[in-house]
Amino acid sequence: MKLTIAKKLNSSFGLLLLLLLAISATSIVQIQSVNDNYRSLFDDRVQKIFLVKDMISELREQFKEMRGYVLSGSATNMDNWRKAKETYDEWFNALSAMENTTAVKTDLQDLKSLDEQYLKYVADVQKL
C-alpha cells in the first residue's frame, strides 16, 4: 500500500490530535486533583480560623462577665461566665482534636496552661 503525501499528513495530524487529547485529559484530571486537595486544605483552615474567632469572642464574654461579677457581685454574671467558659472549653477541645502539627499542639498546651492560671485567679476572686 502506497501512502500519498495527503494520507501521510492526515495520519500524522490525527496522531497529533490523539496525543493532544491524551495530554489534555491528563491535565484536567491533575488539575481536578490539585483543586480537591486545595479545597480540603482551605476548608480545614477556614473552619479552624472561625473556631479561633469564636473562642476569642467567648473569652471576651468571660472577661466581661467576670468584670461584672467583681463590680456588682451578681450571681447572674457568674452564671453567664460559667456558660461562656463551657462554650470556650468545648471549642478548645474541638480545635485540639482537629490539629495534628506539633507546633500548634505545643501552642494549645501553653494556652491550656494559661487557662488553668486564669481559673485560679477566678477562684481567688470568688473567695473575696
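As a basis for the values below, the full set of heavy atoms in this structure was taken, side chains included, without hydrogen atoms, waters or symmetry mates.
By the 4.0 Å N-to-carboxylate-O rule, Glu61 lies close enough to Lys64 to be salt-bridged with it. Taking the charged nitrogens against the carboxylate oxygens, Lys48 and Asp44 do have a contact shorter than 4.0 Å, which makes a salt bridge.
Once rounded to the nearest 0.5 Å, the distance linking OG of Ser27 with CD1 of Ile31 reads 6.0 Å. With rounding to the nearest 0.5 angstrom, the CD1 atom of Ile49 is 7.5 Å from the CZ atom of Phe42. Rounded to the nearest 0.5 Å, atoms OG1 (Thr87) and CZ (Arg82) are 14.0 Å apart. A distance of 7.5 Å separates CG of Asp43 from CZ of Arg39, quoted to the nearest 0.5 Å. For the atom pair CG (Leu59) and CD (Gln62), the distance works out to 5.5 Å, reported to the nearest 0.5 Å. If you take CG on Leu17 and OG on Ser12, they are separated by 10.0 Å, rounding to the nearest 0.5 Å.
Between Trp81 and Tyr118, the angle of the ring planes lies from 30° to 60°, which puts this pair in the tilted group.
Arg60 meets the salt bridge (charged side-chain N to carboxylate O under 4.0 Å, His left out) test with no other residue; sequence neighbours excluded.
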Given Glu58 and Asp54, is the side chain to side chain contact (heavy atoms under 4.5 Å, CB included) satisfied, shown in steps? CA-CA 6 Å; Glu58 284 303 313; Asp54 291 339; 5.8 Å; no

Going through the distances and angles, do Lys112 and Glu116 end up as a side chain to side chain contact (heavy atoms under 4.5 Å, CB included)? CA-CA 6 Å; Lys112 187 68 172 173; Glu116 290 169 0; 4.0 Å; yes

Val52 and Ile56: side chain to side chain contact (heavy atoms under 4.5 Å, CB included), yes or no, with the steps? CA-CA 6 Å; Val52 169; Ile56 291 170; 4.1 Å; yes

From CA spacing to verdict: side chain to side chain contact (heavy atoms under 4.5 Å, CB included), Tyr88, Asp115: CA-CA 10 Å; Tyr88 171 81; Asp115 189 48; 4.1 Å; yes

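The closest side-chain heavy-atom distance from Met98 to Gln47 is below 4.5 Å. Using a 4.5 Å heavy-atom cutoff, the side chains of Lys8 and Ile5 are not in contact.
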Kindly list each side-chain donor-acceptor pair under 3.5 angstrom involving residues 89-97, sequence neighbours excluded, with atom names and distances?
| unit_1 | atom_1 | unit_2 | atom_2 | d |
| --- | --- | --- | --- | --- |
| Asp89 | OD1 | Lys85 | NZ | 2.9 |
| Asn93 | ND2 | Asp89 | O | 3.2 |
| Ser96 | OG | Phe92 | O | 3.0 |

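Val104 and Phe50 fall into different hydrophobic clusters, where Ile, Leu, Val, Met, Phe, Trp and Tyr side chains are chained together by heavy-atom contacts under 4.5 Å.
Listed for the Ser113 side chain is no donor-acceptor partner under 3.5 Å among the backbone atoms of Gln109.
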